[in-house]
Amino acid sequence: MKIKETPLKDCYIIEPTIFEDDRGYFYEKFNEQKFEELTGMNGHFVQDNISKSSYGVLRGLHLQKGDKAQAKLVSCLDGKVLDVVVDLREDSPTFGQWFSLELTDENKLQLYVPRGFGHGFSVLSETAVFSYKCDNFYDKASEGGVLWNDTDLNIDWQLPQDDIILSDKDKILPSFSLKNF
């Protein structure tokens with residue numbers, strides 16, 4: 001696998017080496033030892049989550065706070081999403097900056113999202129199956145986030161406004177300027 005840096009500190013794109021022939025393909029989706037050697041980051045994950053969403057669904061921007069903060073390794077197993085991360089670590093040189101990347105079942109890219117980042121995605125295909133590997137267990141009391149359409153962040157989710165489908169929770173997340181993630 002290849003590790004590529006993003007413009008955001010500690011956030012990495014993981015590109016697998018894919019072996020294809022007339023039978024199909026094979027690739028190593030994740031290797032903890034290689035990941036730690038190449039990034040210096042902890043690659044130990046304890047929980048896997050899968051979501052399926054329809055076109056126009058926008059999930060985010062979410063994070064877990066405090067002792068229950070989570071680093072995530074995310075990928076799209078079927079379909080196409082625009083994955084978006086925001087550095088919400090106030091002591092980081094990239095605080096308040098965001099990065100986006102298309103994750104698809106075809107490109108098989110993964111994004112490592114460090115603890116302290118807001119994360120979300122918008123579904124650009126008819127449906128998408130999305131995978132999250134987390135390095136800490138989910139805790140409802142530790143949920144946080146930032147409003148998806150925050151004007152300070154000005155994220156382009158690559159969807160027409162009328163096509164966006166949000167959960168009630170995501171409609172009322174705080175703005176970035178409040179720093180109440």
Side-chain angles (χ1 to χ4, degrees), residues 1-16 27-51 58-77 81-104 107-122 128 130-148 150 152-158 169-170 173-181:
M1 76 179 156
K2 297 178 193 166
I3 305 285
K4 298 179 181 178
E5 291 186 20
T6 70
L8 304 182
K9 184 172 177 17
D10 303 326
C11 184
Y12 298 96
I13 300 168
I14 299 176
E15 182 179 349
Y27 67 96
E28 184 177 70
K29 190 169 187 304
F30 182 74
N31 180 306
E32 181 177 351
Q33 184 177 10
K34 286 182 188 176
F35 179 79
E36 289 180 4
E37 285 173 11
L38 294 170
T39 67
M41 307 292 289
N42 177 4
H44 184 71
F45 297 100
V46 298
Q47 181 175 327
D48 285 351
N49 303 317
I50 303 286
S51 68
L58 191 155
R59 296 182 186 266
L61 295 159
H62 305 143
L63 78 151
Q64 293 280 118
K65 303 181 283 187
D67 292 341
K68 299 298 181 176
Q70 293 178 323
K72 298 174 186 169
L73 183 62
V74 299
S75 61
C76 185
L77 303 177
V81 303
L82 180 72
D83 199 68
V84 176
V85 292
V86 180
D87 189 346
L88 300 176
R89 303 170 301 176
E90 291 189 64
D91 61 344
S92 170
T94 56
F95 172 70
Q97 296 177 30
W98 61 274
F99 173 76
S100 66
L101 174 70
E102 276 191 9
L103 301 176
T104 73
N107 70 22
K108 296 173 184 41
L109 295 176
Q110 299 178 83
L111 189 65
Y112 176 78
V113 182
R115 290 181 178 200
F117 271 53
H119 174 260
F121 66 89
S122 57
F130 196 78
S131 172
Y132 315 69
K133 293 181 87 53
C134 303
D135 77 341
N136 205 351
F137 297 104
Y138 171 77
D139 178 63
K140 185 168 180 54
S142 300
E143 285 183 344
V146 175
L147 193 62
W148 69 278
D150 184 272
D152 289 329
L153 297 175
N154 198 28
I155 297 170
D156 177 2
W157 292 93
Q158 296 184 8
K169 177 180 82 171
D170 288 350
L173 288 170
S175 69
F176 176 78
S177 63
L178 293 177
K179 295 184 181 164
N180 185 27
F181 321 123

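No hydrogens, no waters, no symmetry mates; every other heavy atom, side chains included, goes into these values.
- Relative ring orientation between Phe176 and Phe95 is described as tilted, the plane-to-plane angle lying within the 30° to 60° band.
- Contact record, Glu102 with Leu109: O-CD1, 4.3 Å, taken as the closest heavy-atom pair.
- For Glu32, the CD atom is densely surrounded, since the number of other residues' heavy atoms within 6.0 Å is greater than 12.
- Looking at Val84 and Leu61, their side chains come closer than 4.5 Å, going by heavy atoms from C-beta outward.
- With Trp157 contributing its side chain and Trp148 its backbone, the two residues share a donor-acceptor pair below 3.5 Å.
- Side-chain contact check for Val85 versus Leu111: some heavy-atom pair is nearer than 4.5 Å.
- Inter-residue side-chain proximity for His62 and Asp170 is flagged as met; some heavy-atom pair is nearer than 4.5 Å.
- Considering every non-hydrogen atom in both Cys76 and Leu103, the closest pair reads CB-O, 3.4 Å.
- Asp48 has its side chain out of reach of Ser131: every pair of non-hydrogen atoms, C-beta onward, lies at least 4.5 Å apart.
- Between Phe99 and Thr94, every side-chain heavy-atom pair lies at or beyond the 4.5 Å cut-off.
- Between Arg89 and Asp87 there is a salt bridge, with a side-chain nitrogen of the basic residue lying less than 4.0 Å from a carboxylate oxygen of the acidic one.
- Between Glu28 and Met1, the closest side-chain pair of non-hydrogen atoms is not below 4.5 Å.
- Remark: side-chain polar atoms of Gln47 are paired, donor with acceptor, to backbone N or O of Tyr138 under 3.5 angstrom.
- Residues meeting the ring-ring contact (aromatic ring centres under 6.0 Å, His included) test with Tyr132, sequence neighbours left out: Phe130.
- In this structure a side-chain-to-backbone donor-acceptor pair under 3.5 Å is missing from Asp150 to Leu147.
- Note that NZ of Lys72 is 15.0 Å distant from CD of Gln110, once rounded to the nearest 0.5 Å.
- The heavy-atom pair separating Phe121 from Asp83 by the smallest distance is CB-OD1, 3.7 Å.
- Ring geometry for Tyr12 against Phe35 counts as perpendicular: the plane angle is over 60°, on a 0 to 90° scale with 30° as the lower cut.
- Considering CG of Leu63 and CZ of Arg115, their distance stands at 12.0 Å, rounded to 0.5 Å.
- Rounding to the nearest 0.5 Å places CG of Asn107 at 7.0 Å from CG of Leu101.
- Here the straight-line distance linking atom NZ of Lys133 with atom CD1 of Ile50 works out to 9.0 Å at 0.5 Å rounding.
- Between Gln64 and Asn136 there is no side-chain heavy-atom pair separated by less than 4.5 Å.
- Residue Asp67 holds its CG atom at 9.5 Å from CG of Asp139, rounded to the nearest 0.5 Å.
- Taking every heavy atom of both residues into account, Tyr112 and Asn42 meet most closely at OH-O, 3.7 Å.
- Residues Phe45 and Ala71 share a closest heavy-atom pair of CE2-O, 4.2 Å.
- Taking every heavy atom of both residues into account, Lys29 and Ser75 meet most closely at NZ-OG, 3.0 Å.
- The main-chain N or O of His44 is never found under 3.5 Å from a side-chain atom of Asp135 such that the two would form a donor-acceptor pair.
- At least one donor-acceptor pair closer than 3.5 Å links the side chain of Thr6 to the backbone N or O of Cys11.
- Within 6.0 Å of CD in Glu90 there are more than 12 heavy atoms belonging to other residues, nucleotides or ligands.
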